[in-house]
Amino acid sequence: MTRPALTIRLPEPDDAPALAAVHVRSWRETYAGMLPERFYDETAQWRRRHSRCAG
């Protein structure tokens with residue numbers, strides 16, 4: 001069985017929502033109970049999507 005081709009590229013501004021969602025979900029699953037919820041709540045995704053790194 002062959003694997004589909006994989007392309008790695010630099011992120012573009014349109015990728016920000018998906019990257020923010022992955023970032024927040026990973027924080028939520030990893031740090032729940034160890035950090036205040038503000039680090040991974042619903043507004044955290046908005047903050048990461050609109051951070052200076054997003055474009």
Side-chain angles (χ1 to χ4, degrees):
M1 183 172 170
T2 61
R3 294 180 183 219
L6 176 66
T7 302
I8 299 175
R9 62 175 176 76
L10 293 174
E12 298 176 1
D14 288 345
D15 298 321
L19 291 171
V22 169
H23 189 195
V24 170
R25 183 174 179 178
S26 67
W27 273 71
R28 185 177 289 136
E29 292 177 5
T30 304
Y31 298 109
M34 292 188 278
L35 292 173
E37 190 174 329
R38 66 184 169 85
F39 284 98
Y40 50 83
D41 64 8
E42 296 303 317
T43 60
Q45 185 170 335
W46 184 92
R47 289 191 305 270
R48 283 164 181 76
R49 187 183 309 160
H50 294 92
S51 74
R52 61 181 170 81
C53 297

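Hydrogens, waters and symmetry mates are skipped; everything else that's a heavy atom, side chains included, is used.
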[X]: which residues meet the side-chain contact (heavy atoms from CB on, under 4.5 Å) condition with it, sequence neighbours left out?
{"X": "Arg28", "answer": "Val24, Tyr40, Glu42"}
{"X": "Pro36", "answer": "Arg38, Phe39"}
{"X": "Thr43", "answer": "Asp41, Arg47"}

Item checked: Under 3.5 Å: donor-acceptor pair, side chain of Thr30, backbone of Trp27 -> no
Note to self: Going by the rule salt bridge (charged side-chain N to carboxylate O under 4.0 Å, His left out), which residues pair with Arg9 if we only count those two or more places apart in sequence or in a different chain?
What the structure shows: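 If we apply the salt bridge (charged side-chain N to carboxylate O under 4.0 Å, His left out) test to Arg9, skipping adjacent residues, the hits are Asp15.
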